[in-house]
Amino acid sequence: MNLPDIQSFIPIVLQACVDASEAIMKVYETDFDLTRKLDGSPVTKADLESNALIQKALEQTKLPVIMEEIKNEPFETRKKWDTVWIVDPLDGTKEFIRKNGEFVVCIALVHKNQSIFGVIASPVKKKILFGGKGISATCISFNEVNQQETWIPIQAKDTVNNPLQIAGSRSHHSKNEESFNQKMRDTFGEIEFIQKGSALKFFDLALGTADVYPRFAPTMEWDIAAGQAIIESLGGSVNHVETDLPLTYNKENLLNPFFVVKTKAVIDRLKK
Ligand SMILES: Nc1ncnc2c1ncn2[C@@H]1O[C@H](COP(=O)(O)O)[C@@H](OP(=O)(O)O)[C@H]1O
Ligand SMILES: [Mg+2]
């Protein structure tokens, strides 16, 4: 199967993000309840409502979906899918529950195990970041979804921040981060940290307020696939920490390996 017509999916996916974000915010503004999934992770009415809205919207594309909040098809079925949506209807549920605003909606299109298009929406900021193969990375407000003439592509920065800005999770950490940080100090000099929940970190990486994002703690494919397509469209990378190859998706195990996100400016500087 040829590369899907991403352009034709853009209006569907952007509108799905806006609708899901509005449903999420209605719950966010109440004293919502939370329940625990079998793995112990929290889920709220907002996750489920966003899930239902996005699932319905993506039916228009006639492509299969892998989503955090549904029982996904077994690998025997999934491995036959050339093109598939991978969706996190509410990434950063812990931050949503803490009411710190650091949660997003993530939708990615995966073709032949590569992430080729990604959309990340912040319901609180009312902003959508998207990009992919042949799609310039762009950050728009919710009210610009139907006004393509106002969209301005993001220009990847030429230089890294000084001090180097290292993005990291607010809630999930690992011990291995320190040796990575020391390598960054040795190469770039002074470093600083941006702690943020969810794929909201990809806004910083795409817009140039963060330079690298080392992740030596578990994430799922739906947390990262959208961010990868966006960062790659800006000349950056989201690569396996050991092989230095791009992450792949729709794997038998939907857990990502540990990885490092680098902006184009970081990659260029490391080549020198
Ligand atoms: N033990 C674990 N196994 C798999 N994924 C985990 C995990 N701990 C955290 N995550 C992932 O990390 C995401 C949050 O990222 P961050 O730590 O950068 O805020 C979570 O998304 P959800 O909040 O959608 O569940 C979850 O998918
Ligand atoms: Mg998530």
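All values derive from a computational prediction rather than experimental measurement. All ligand and atom numbering here is 1-based and tracks the order in the structure.
Here the protein heavy atom with the shortest distance to atom 21 (O) of ligand 1 is Asp91 OD1, 3.1 Å. Looking from atom 9 (C) of ligand 1 to the surrounding protein, the closest heavy atom is His172 NE2, 3.3 Å. The protein heavy-atom contact nearest to atom 25 (O) of ligand 1 is Glu68 OE2, 3.4 Å. Distance from atom 12 (O) of ligand 1 to its nearest protein heavy atom, with residue and atom name: Arg215 NH2, 3.4 Å. Looking from atom 3 (N) of ligand 1 to the surrounding protein, the closest heavy atom is Pro218 CB, 3.4 Å. The shortest contact between atom 27 (O) of ligand 1 and any protein heavy atom is with Asp223 OD2, 2.6 Å.
Listed by number with element, the atoms of ligand 1 under 4.0 Å from a non-hydrogen atom of Gly197 are 19 (O). Taking every non-hydrogen atom of Gly92 and a distance limit under 4.0 Å, the qualifying atoms of ligand 1 come out as 22 (P), 23 (O), 24 (O). Near Ser198, the atoms of ligand 1 lying under 4.0 angstrom from a non-hydrogen atom of the residue are 16 (P), 18 (O), 19 (O). Short contacts between ligand 1 and Leu90, defined as distances under 4.0 Å to a heavy atom of the residue, involve ligand atoms 24 (O). For ligand 1 and Leu255, the ligand atoms under 4.0 Å from any heavy atom of the residue are 4 (C).
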- [ ] Might you work through the salt bridge (Lys or Arg N to Asp or Glu O under 4.0 Å) test for Glu68 and Lys37, ending with a clear yes or no?
- [x] CA-CA 11 Å; Glu68 183 174 8; Lys37 291 192 272 187; 3.2 Å; yes
- [ ] List the steps, then state whether salt bridge (Lys or Arg N to Asp or Glu O under 4.0 Å) holds for Arg170 with Glu102.
- [x] CA-CA 9 Å; Arg170 189 175 291 288; Glu102 292 174 358; 2.7 Å; yes
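The shortest non-hydrogen separation linking Asp223 to Phe202 is O-CE1, 4.4 Å. Taking all atoms of both residues into account, the shortest heavy-atom contact from Ile231 to Lys262 is CG2-O, 3.9 Å. Here the closest non-hydrogen pair linking Glu192 and Pro163 is OE2-CG, 3.5 Å. Nearest approach of Ala137 to Ser233, heavy atoms of both residues: CB-OG, 3.5 Å.
The Mg ion (ligand 2) is closest to atom OD2 of Asp88 (considering only N, O or S atoms). If you look at Asp91 and ask which of its N, O or S atoms sits nearest the Mg ion (ligand 2), the answer is OD1. With respect to the Mg ion (ligand 2), Asp223 has OD1 as its nearest N, O or S atom.
No donor-acceptor pair closer than 3.5 Å links the side chain of Asp204 to the backbone N or O of Ala210. Between the side chain of Thr138 and the backbone N or O of Ser136 there is at least one donor-acceptor pair closer than 3.5 Å. Gln147 contributes a side-chain N or O that, together with a main-chain N or O of Asn143, makes up a donor-acceptor pair within less than 3.5 Å.
Any N or O atom pair closer than 3.5 Å counts here, and Trp222 shares no such pair with ligand 1. For ligand 1, the polar-atom distance check against Asp88 finds a nitrogen or oxygen pair separated by under 3.5 Å.
A heavy-atom separation below 4.0 Å is found between Lys201 and ligand 1. Between Ser171 and ligand 1 there is no heavy-atom distance shorter than 4.0 Å. Residue contacts with ligand 1 include Met220, since one or more of its heavy atoms lies under 4.0 Å from the ligand.
Phe103 and Phe96 have perpendicular rings, their planes meeting at more than 60° on a 0 to 90° scale where under 30° would count as parallel.
Side-chain contact between Lys99 and Phe32 is present, with heavy atoms from C-beta onward closer than 4.5 Å.
Judged by the 6.0 Å and 45° rule, Lys133 forms no cation-pi pair with Phe117.
Using a cut-off of 2.8 Å, one finds that Glu68 contributes no N/O/S atom close to the Mg ion (ligand 2).
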